[in-house]
Amino acid sequence: MHTKVKAVKMLIGGEWVHSNQTFEVVDPQNNRPIASVPLGSSKDMLTAIEKAEEAYMKTAVWPTHERIRVLSEAANYMKENAEDFARTVASEGSKTINEARGEVKRAIQTIQISAEEARRINGETINFDQNEGSENRVGYHYRFPVGVVGAITPFNDPLNLVAHKVGPAIAAGNAIVVKPASVTPLSALMLAEAFVHAGLPDGFLSVVTGSGREIGETLVTHPSVKVLSFTGGPDAGKKISEQAGPKKVSMELGSNSPVIVLNDANLNDAVQSCVSGAFSAVGQNCIGVQRIYVQKDVYSRFLDTFISRTSELKVGDKMDELTDVGPMINEREAKRVESWVNEALMKGAKLHTGGKREGSYYYPTVLSDVPKTAKIAYEEIFGPVVLITPVANLHEAIERSNDVDYGLQAGIFTSDINHAFHAIKGLNVGGVMINDSSDYRIDAMPFGGVKGSGIGREGVRYAIESMTEPKVVCFRLQENLL
Ligand SMILES: NC(=O)c1ccc[n+]([C@@H]2O[C@H](COP(=O)([O-])OP(=O)(O)OC[C@H]3O[C@@H](n4cnc5c(N)ncnc54)[C@H](O)[C@@H]3O)[C@@H](O)[C@H]2O)c1
Ligand SMILES: O=C[C@H](O)CS(=O)(=O)O
């Protein structure tokens, strides 16, 4: 029997609207439709941008205490409905229910931090009299909102990575138009409900659902959109940066994150952290562990322990609280990962565990002896596969870690502070975790990378900075007043 799926609406300028065209969101675990979602058009996107500009202009000065209240109330709403949010994140995406609960906790914190940071959008005084002839000048600079922010977000953290756009935009006093990933739009729509419930003025937040390729360009190129905040893959990122023209664009892109394990590391600690870092969210994680370089004296011990710990992971129903690894976001992605692993094996790599696909499930996989020419060695796998390679020393480990076109985050396990500082200086990345894997982040820290991993930084305070502009004010005091 065909059960009728829930029909949801998108939020445009304060109105929940249908569209005459819809698309289905399916559960990756069984391909069952879970919702019918409006297929937003370029016209819908235009309306959202116009409503955003109208709302921003109308509320010329939106007092900070009001922004703090709305953000705090939205966070409270999310807390009160946390389990509903978690079930939505899990059902439309590929996280287990426990991983989804973790994401909801982080998203609540991201919005709470946004409320706190709204208090701290300050400037500073400027000592104009450092210049001769400016003794009678006093002044300062402060930050003002850009107006309308455009945001495009990925599928893998369908709630918290939308919160990382909406929270800072609203904290700074901007209006924001969000285009969430087409496969996981429901979490973004629930976040919008939280802000409507909190009394966000109409037009300050729109969520236009649909295909990035169809409606993204309208958002990216519109002159009223002063900042475009994109999180996603390098291909889309490249397209968007070409389309954006002379517009402030922040890019949170892909990675192929390395971890170094030295002879003096606590091996159990390193295995535990790297297994979690490699396989949480089925490896669909921009800072997920993809390469592990292990100093040769401890290589065999590390590899054996890592393989046995990986083989213990429970792969299964993502809604089961005992499951460690659920399905990938769809069968196409699982087949891509399968083909990359097979290419590496054809080129001489060795398979230690995993290497098996069942529909959209791909089993946690450990490879060694992977040649540098294998795609999986230098591209972003964005799946549950990790490459483990022996190295002679820290120098070789750093060299090989840097030898890809990504530089988001890295990890190193060592008990020697000199080794740690060598790694901090030598690794060409946006973040180095000492005795943690690359997959470590708190939502308040600056987050982003170098090389092909992106432009700019997120993390609430840093996103607020990118969504505001400084203005200098200088008073020249009249002579007779002195
Ligand atoms: N650096 C980070 O903070 C971070 C965080 C999460 C994910 N990511 C990256 O995101 C990727 C996985 O997410 P994904 O598969 O959703 O990425 P994706 O690039 O396929 O899609 C991301 C978003 O861009 C939209 N989009 C796609 N093509 C577009 C176009 N031509 N114009 C406008 N919009 C377009 C999509 O609809 C989606 O909303 C990985 O590369 C991962 O590393 C990075
Ligand atoms: O996938 C990339 C995410 O930004 C990493 S985290 O989930 O925010 O830690």
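Just so you know, ligand 1 is whichever comes first in the structure, and atom 1 is the first atom listed for that ligand. Nothing here was measured: the structure is a model prediction, and the numbers come from that model.
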To which protein heavy atom is atom 35 (C) of ligand 1 closest, and what is the distance rounded to 0.1 Å? G212 CA, 3.7 Å

Would you call E242-K239 a salt bridge at under 4.0 Å N-O? no

Under 3.5 Å: N/O of F382 near N/O of ligand 1: no

Taking NZ, NE, NH1 and NH2 as the nitrogens, is one of them in E338 or K356 under 4.0 Å from a carboxylate oxygen of the other? no

Taking only non-hydrogen atoms of C286 and a 4.0 Å limit, the atoms of ligand 2 in range are 1 (O), 2 (C), 3 (C), 4 (O), 5 (C)

Mind checking whether I381 and R336 have side chains closer than 4.5 Å, heavy atoms only? yes

Are any of the protein's heavy atoms under 4.0 angstrom from atom 20 (O) of ligand 1, yes or no? no

Go through ligand 2 atom by atom and flag the ones less than 4.0 Å from a non-hydrogen atom of R441. 4 (O), 8 (O), 9 (O)

Determine, for R101 against E321, whether the closest basic-nitrogen to carboxylate-oxygen distance falls under 4.0 angstrom. yes

One finds that the ligand 1 atoms under 4.0 Å from a non-hydrogen atom of L161 are 5 (C), 6 (C)

Ligand-side contact atoms (ligand 1) for residue partner G254, heavy atom cut-off under 4.0 Å: 41 (O), 43 (O)

Mind checking whether Y378 and D405 have side chains closer than 4.5 Å, heavy atoms only? no

Under 4.0 Å from a heavy atom of I287: which atoms of ligand 2 are those, numbered in the order shown and with their elements? 5 (C), 9 (O)

Go through E252 and R457 one step at a time and tell me if the salt bridge (charged side-chain N to carboxylate O under 4.0 Å, His left out) criterion holds. CA-CA 8 Å; E252 295 284 351; R457 291 295 182 273; over 6 Å; no

List every atom of ligand 2 that sits less than 4.0 Å from any heavy atom of R106, numbering the atoms from 1 in the order shown and giving each element. 6 (S), 7 (O), 8 (O), 9 (O)

Atoms of ligand 2 under 4.0 Å from any heavy atom of L161, numbered from 1 in the order shown, are 4 (O)

Decide whether the shortest distance between a heavy atom of G454 and an atom of ligand 1 is less than 4.0 Å. no

Considering only heavy atoms, does Q284 approach ligand 1 within less than 4.0 Å through its side chain, its backbone, both, or neither? neither

List every atom of ligand 1 that sits less than 4.0 Å from any heavy atom of G216, numbering the atoms from 1 in the order shown and giving each element. 33 (C)

Do V149 and V225 come close enough that some side-chain heavy atom pair is under 4.5 Å? no

Salt bridge present between E469 and R143 (N-O < 4.0 angstrom): no

Any N or O of F155 closer than 3.5 Å to N or O of ligand 1: yes

Side chain, backbone, both or neither: which part of P180 has a heavy atom under 4.0 Å from ligand 1? backbone

Side chains of F306 and I292, heavy atoms from C-beta outward: is any pair under 4.5 Å? yes

Provide, to 0.1 Å, the distance between atom 3 (O) of ligand 1 and the closest protein heavy atom, together with that atom's residue and name. F447 CE2, 3.2 Å

Minimum-distance protein heavy atom relative to atom 7 (O) of ligand 2: D157 OD2, 3.0 Å

Are R461 and E117 ion-paired here, with the side-chain N under 4.0 Å from a carboxylate O? yes

Show every donor-acceptor pair shorter than 3.5 Å between a side-chain atom in residues 180-190 and any protein atom, with sequence neighbours excluded, or say none if there are none.
from: S182; atom 1: OG; to: G210; atom 2: O; distance (Å): 3.2
from: S187; atom 1: OG; to: E92; atom 2: OE2; distance (Å): 2.5

For A236, atoms of ligand 1 separated by under 4.0 Å from a heavy atom: 19 (O), 27 (C), 28 (N), 29 (C)

How about F85 and I108: do any of their side-chain heavy atoms sit closer than 4.5 Å? no

Strictly below 4.0 Å, N to O, side chains only: are K314 and D324 in salt-bridge contact? no

Who gets closest to atom 44 (C) of ligand 1 by heavy atom: N285, D235, L253? L253

Report the part of Q284 (side chain from C-beta onward, or backbone N, CA, C, O) that has a heavy atom under 4.0 Å from ligand 2; answer both or neither where that applies. neither

Among all protein heavy atoms, pick the one closest to atom 18 (P) of ligand 1 and tell me residue, atom and distance. G233 N, 3.8 Å

For the 3.5 Å polar cut-off, considering only N or O atoms, please tell me whether K179 and ligand 1 meet it. yes

Closest heavy-atom approach to atom 5 (C) of ligand 2 among D443, T110, L408, N285 is made by N285

In ligand 2, which numbered atoms sit nearer than 4.0 Å to a non-hydrogen atom of N156? 1 (O), 2 (C)

For K239, the ligand 1 atoms whose distance to one of its heavy atoms is below 4.0 Å: 31 (N)

Testing T231, T153, T110 for side chain to side chain donor-acceptor pair (under 3.5 Å) with K165, which one passes? T231

Less than 4.5 Å apart, any side-chain heavy atom of R32 and any of V5? no

How close does the nearest protein non-hydrogen atom get to atom 13 (O) of ligand 1, and which residue and atom is it? P154 CB, 3.3 Å

Of the protein's non-hydrogen atoms, which lies at the shortest distance from atom 41 (O) of ligand 1, and what is that distance? E380 OE1, 2.6 Å

Give the atom numbers and elements of ligand 1 that come within less than 4.0 Å of a heavy atom of N156. 6 (C), 7 (C)

When you check the gap from the basic side-chain N to the acidic O, do D157 and R106 get nearer than 4.0 Å? no

Report yes or no: does F447 have a heavy atom closer than 4.0 Å to ligand 2? yes

Is there a side-chain contact between I34 and V26 (heavy atoms, below 4.5 Å)? no

Given S453, G430, G232, which has its nearest heavy atom closest to atom 10 (O) of ligand 1? G232

So, E333 versus Y362: side-chain donor-acceptor pair below 3.5 Å or not? no

Determine, considering heavy atoms only, which of I152, T231, I240, T153 sits nearest to atom 4 (C) of ligand 1. T231

